[in-house]
Structure formats: C-alpha cells, structure tokens
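Keep in mind that this is a model prediction, so the values were computed, not measured. Count residues from 1 along the sequence.
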Amino acid sequence: MANNNLFSDFEAVSSKQWKQQIQYELKGADYNETLVWESPEGIKVKPFYHNDETAVNLDAIVPTKPFAIVQNIFVHDVKKSNARALETLHRGAESIRFTLENDTVSIEELMQNLPTENVNYYFNLPFLSVEFSNKINDFASKNKSNIFIQNDPIGQLAKDGNWFENLEKDFEKLNTIASKTIVPFLTISSGIYQNAGANIVQQLAYTLAQANEYFNRIPAINQPITIEVAVGTNYFFEIAKLRALRLLFNTLASEYNHNFDCHIIATPTKRNKTLYDYNVNMLRTTTECMSAILGGVDAVANLAYDAIYHKDNEFGDRISRNQLLVLKHESYFDKVNNPADGAYYIETLTEQLAEKALELFKDIEKNGGLISQLIDGTIQRKINESAQKEQELFDSGKEVLLGTNKYPNKNDQMKNDLELYPFVKQNARKTLITPIIEKRLAEKLEQERLASE
C-alpha cells in the first residue's frame, strides 16, 4: 500500500484566505470588534490560529511519567489516617498527601504497612521544624520511601500574615534542613494567588518571584521544588499557564545551577465553586483536572464537589477520586506525552503568558522582590484589583456560574446542610502583613440567599 499523505490532493488554505472568507461572512461588521476578545491578562484572542503566522519556538518541558492521582488526608487520628491511606490506595489513589496537625505525629505509625514502590507521600506541614523534617528524612532514607516534605514559610506569611517565627529564623531553619535532608523539602504554595483572584500572569510572576526568594536565601537546594497550583475554569488558558510555569521555573532555576525540574501538584480552584446547585461543581472540577493533565502536571489532587460546605467525607472523596480514574483509565489522558504540543492556539498563549509573566517578575525584583512587596502591601493590592474586576463581571452576569447567577433553582435550600462555614472569616488579630484572602465569587449572593431561607 502506498504511503501517501492523506491531504496531499487538497489545496492548502492560507491565513489570508481564511480572513477574507470571515470578512465576507461578517457582512461589513468589524473583524476585530466582532471576533477578537481580550482576556483579563491583556491577551487578544483571535478567532483562528494558522501555521503560516504562528512562529512559536518553545522547547516544551514535560514530565516523563503520567500524572498521579493524589488523595488528601488530614491527620488527626494517626491510626485512622493510616487505615484511610491504605484503603484509598487500594481504591485507585496513587499518592497520598498528609496534612499534619502538629509535630507529635509518629511517622512510623502513620506510614505503617503503606507501600513504598511507585507511591509518593507528601507531608504538608503547617509548622516549621528542623527536628521533625529530619525525622521524615530519616524514615524516607531507611525505608526507601518517595517522600516530599512541604515546607513553605513564604506561603505561611502570605496566607496567615505572619511568619512561623520571623524571616531570619525561618530561613535559618530552612537552610539547616537543606543541609541535612536528601528528600525534597521545599514547596511553593501558589494556589492562594488564584483562589484570591489573581489573573494568570500575576499567578505565574508571583510563583516565579517566590521561587527566586528561595533560591536567593537558600544556597543549597539539591532536591526538586514542589509547586502547588490551583487550576481555574478558562480551559485553554490554564493548559498554557501550566506549560508556561514549567518553562519559566526551569529558566530561572538554570540561573542558579539548579538542575531539577519542578514537581507540580494541581488542585481545582475554589473560586468558582458554589454552595447552590453544588453538583455543577463536579463538571467544573472535571474540566479543571483535564486542563491540569493536558498542561503537564505531575500530580492532581481533585476537590470534592461538596468541599466548601461539608466536612471531609468518604462519598465526596470517592466521587472526586473516581473523576480522575475515569480520565486516566477510561479517557486515556495518561497515554500521550505532551498532548498540547503543536496546537497553535495553546503554543501562542503559552508564549504570551510566559513573556508577560517574565516582565512582571522583573518588575517585582526591580522593586525589592516578593517578600518586600508583600510587606508593603503591593502584591495584595494588585490581587485585589484583579479580583474586583472579576467580581464585577460575575455580579453583572457577564461571568456565569450556572445555578447561581444564571438559572438558579429558587427551591434549593442549603441552610440546614452547612457543616462548614463557606464564607470568608474576618478575624481581628495582629499580623505583620495583610494576609492574602481566598474568596469565592458567589459568596455575597449565597449569603443573601441563605438569609432569606
């Protein structure tokens, strides 16, 4: 059989011909005003992308292994957490992220009988302890476990408004940990920027600036850095965001002779999740997980559809885990390496987002760096400005959350189902900086509906 090109008998259509045909179909309407729209990041999105006008030369960096399904477990009772980890690994989870309550947890008891081969374990620490990090490192060395310690004092400052202790002592501890540990010990918790309303360029630039603070202040980072990201609902932009993130990080890391690729864990954003018509949250998290996978993350920790108002529960966890199992084993999202490669639209978005983020990053560094701009409130102000623009779009109905500000079910009653308080809590307390506050778009509208129930 002759190996002929399937399309060789068809004449190629140029970009110019496409534009002429579109202009004809518009019947005199302006091409740019009608079909070109601008994103919150200032990127003009065209109605089509063509290879004769797309000159993108990006060396895509992609992980060598398929994405892993992560199960989040908050450790309150060590024995129950251990049993739950075993069960979820048997039911499809491929990695476990333990969030520890304090430094009295027994690592040996928590990890008892848990498999070590091909399973990553993340220890998310809401405290900074050299001794405890050493315990985890010793356990990992002894048992040949794949463990990531998640220390992030800058993330603590951004979210809480205070360091664990203070800048000097926190980084003194991190440098001590860096000198002793062989396991990855550092995380950049960048999801807070997205959940607070930062646009994609800001998210990338702030993440890069946070990485730069760590590279500057910790000379010996000889392990991969973990980056936690929140994935929003703008499907193709989020794919491009994750591709740009890896590209930007590796560009920065090479300047410090850091030869490890970053390890990216993605979680769907909370910003667009709703209390009413909550089943729609499953659709939102599914597309967000798809963006994460196609964007080339190393691991995905899905968000349960009822996470904003229900306590951690087996049913919600099972549904969120099954969403990822369907994507992996029935939709085969793990079978193609770098599936977005060669898509003109995504490649162009990746390049534009990377360029804009790099420009903002340079401006941050020129003005003292991320920590200085957190302390003087510049970062918080910029995020608030972006968040307010998005909030206005939601309030006016231009940004739609189905079942909430579009086609709401008037008979939907939620007042008696709230196990968790689903709104921002304002606690009056003394902090070094104004913390970055995560807030959902639907909060005000939902509070009004609850008051009328």
> After noting the C-alpha distance and the side-chain angles of L358 and L248, does the key distance pass the side-chain contact (heavy atoms from CB on, under 4.5 Å) rule?
Replying inline: CA-CA 8 Å; L358 189 59; L248 288 167; 4.2 Å; yes

>> Using the rule given for side-chain contact (heavy atoms from CB on, under 4.5 Å), can you reason through Q194 versus V229, listing the C-alpha separation, both sets of side-chain angles and the distance that settles it, and then say yes or no?
In response: CA-CA 8 Å; Q194 203 284 340; V229 298; over 6 Å; no

>> Under the criterion salt bridge (Lys or Arg N to Asp or Glu O under 4.0 Å), I'd like the reasoning laid out for D312 against R84: C-alpha separation, chi angles, the key distance, then a yes or no.
In response: CA-CA 12 Å; D312 200 12; R84 187 176 168 206; 2.8 Å; yes

>> Could you walk me through whether V75 and K80 satisfy the side-chain contact (heavy atoms from CB on, under 4.5 Å) test, starting with their C-alpha distance in whole Å, then the side-chain angles of each, then the deciding distance to 0.1 Å, before giving a yes or no?
In response: CA-CA 8 Å; V75 181; K80 288 182 179 178; over 6 Å; no

>> For a ring-ring contact (aromatic ring centres under 6.0 Å, His included) check, start with the C-alpha distance between F127 and F132, then their side-chain angles and the critical distance, and finish with the verdict.
In response: CA-CA 10 Å; F127 53 85; F132 196 79; 5.5 Å; yes

> After noting the C-alpha distance and the side-chain angles of E385 and K389, does the key distance pass the salt bridge (Lys or Arg N to Asp or Glu O under 4.0 Å) rule?
Replying inline: CA-CA 6 Å; E385 289 171 1; K389 289 178 183 177; over 6 Å; no

> Where do F237 and V45 land on the side-chain contact (heavy atoms from CB on, under 4.5 Å) test, with the steps shown first?
Replying inline: CA-CA 11 Å; F237 270 71; V45 180; 3.8 Å; yes

> Could you walk me through whether R284 and E288 pass the salt bridge (Lys or Arg N to Asp or Glu O under 4.0 Å) check?
Replying inline: CA-CA 6 Å; R284 298 178 182 123; E288 288 155 5; over 6 Å; no

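When atom types are taken as modelled, the side chain of S95 and the backbone of Y121 share no donor-acceptor pair closer than 3.5 angstrom. Listed for the T378 side chain is no donor-acceptor partner under 3.5 Å among the backbone atoms of L374. Of the possible donor and acceptor atoms, none in the side chain of D341 sits under 3.5 Å from a partner among the backbone N and O of N338. The backbone N or O of N195 lies less than 3.5 Å from no partner atom in the side chain of T269, so there is not a single donor-acceptor pair. A donor-acceptor contact shorter than 3.5 Å links the side chain of S39 to the backbone of E41. Within the 3.5 Å criterion, the main-chain N or O of R217 finds a donor-acceptor partner in the side chain of N175. Side-chain atoms of Q156 never come within 3.5 Å of backbone atoms of F164 as a donor-acceptor pair (strictly under, hydrogens ignored). In this structure a side-chain-to-backbone donor-acceptor pair under 3.5 Å is present from N137 to I182. When atom types are taken as modelled, the side chain of E351 and the backbone of T348 share no donor-acceptor pair closer than 3.5 angstrom. Under the 3.5 Å distance criterion, the side-chain polar atoms of E443 are matched with a main-chain donor or acceptor of V424.
The environment of K173 atom NZ is dense: over 12 non-hydrogen atoms of other residues, nucleotides or ligands sit within 6.0 angstrom. In E131, the CD atom is not crowded: 12 or fewer heavy atoms of neighbouring residues, nucleotides or ligands sit closer than 6.0 Å. Heavy atoms of other residues, nucleotides or ligands lying less than 6.0 angstrom from NZ of K270 number 12 at most.
By the 4.5 Å heavy-atom criterion applied to side chains, T99 and I73 are not counted as neighbours. For the pair T88 and D317, the minimum side-chain heavy-atom distance is 4.5 Å or more. Looking only at side-chain heavy atoms (C-beta outward), V119 and N146 stay at 4.5 Å or farther from each other. In this structure the side chain of V70 never reaches within 4.5 angstrom of the side chain of L324, judged on heavy atoms. Taking the side chain as every heavy atom from C-beta outward, N162 and L157 never approach each other to under 4.5 Å. Side-chain contact between V78 and V105 is present, with at least one heavy-atom pair separated by less than 4.5 Å. Side-chain contact between Q71 and E94 is absent, with no heavy atoms from C-beta onward closer than 4.5 Å. The side-chain heavy atoms of T181 and S133, taken from C-beta on, include no pair separated by under 4.5 Å.
For residues 406-419, no residue pair satisfies the side-chain hydrogen bond (donor to acceptor under 3.5 Å, both in side chains) rule, not counting sequence neighbours. The ring-ring contact (aromatic ring centres under 6.0 Å, His included) analysis of residues 97-117, with sequence neighbours excluded, yields the pairs F98-F123. The list of ring-ring contact (aromatic ring centres under 6.0 Å, His included) pairs with a residue in residues 70-90, not counting sequence neighbours, is empty. Note on residues 417-436: pairs passing ring-ring contact (aromatic ring centres under 6.0 Å, His included), not counting sequence neighbours, are Y421-F423. Among residue pairs with one or both ends in residues 248-268, those qualifying as side-chain hydrogen bond (donor to acceptor under 3.5 Å, both in side chains) are Y122-H263, N212-Y256, N216-Y256, R246-D261, N250-D261; sequence neighbours excluded. A salt bridge (Lys or Arg N to Asp or Glu O under 4.0 Å) check over residues 64-79, counting only residues at least two apart or in different chains, returns nothing.
With sequence neighbours excluded, the residues forming a side chain to side chain contact (heavy atoms under 4.5 Å, CB included) with P339 are L294, V336, listed by chain and number. For K430, there are no side chain to side chain contact (heavy atoms under 4.5 Å, CB included) partners at least two apart in sequence or on another chain. With sequence neighbours excluded, the residues forming a salt bridge (charged side-chain N to carboxylate O under 4.0 Å, His left out) with R91 are E87, E314, listed by chain and number. Under the side chain to side chain contact (heavy atoms under 4.5 Å, CB included) criterion, V326 pairs with E330, S331, sequence neighbours left out. A search for salt bridge (charged side-chain N to carboxylate O under 4.0 Å, His left out) contacts involving D103 returns nothing, not counting sequence neighbours.
With I225 as reference, F249 is the one residue of F260, F148, F249 to meet the side chain to side chain contact (heavy atoms under 4.5 Å, CB included) rule. For the pairing with K328, the side chain to side chain contact (heavy atoms under 4.5 Å, CB included) check across I293, D334, V300 returns one residue only, D334.
For the pair R449 and Y276, the distance from NZ or CZ to the six-membered ring centre is under 6.0 Å and the angle to the ring normal is within 45 degrees.
Electrostatic pairing of E347 and R243 counts as a salt bridge here, judged by a charged N lying under 4.0 Å from a carboxylate O. Between E446 and R440, at least one side-chain nitrogen of the basic residue sits less than 4.0 Å from a carboxylate oxygen of the acidic one, meeting the salt-bridge criterion. Classification of E238 and K241 as a salt-bridged pair holds, one side-chain N sitting under 4.0 Å from a carboxylate O.
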Taking only distance into account, with no hydrogens and no angle test, what donor-acceptor pairs under 3.5 Å do side-chain atoms of residues 301-310 form with protein atoms, sequence neighbours excluded?
unit_1	atom_1	unit_2	atom_2	d
N302	ND2	S320	O	3.0
N302	ND2	Q323	OE1	3.2
D306	OD2	H310	ND1	2.9
D306	OD2	N313	ND2	3.0

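Contact between D277 and G403 at its shortest, heavy atoms only, is OD2-CA, 3.5 Å. Residues P63 and D298 share a closest heavy-atom pair of CB-OD1, 3.3 Å. Contact between R429 and D160 at its shortest, heavy atoms only, is NH2-O, 2.7 Å.
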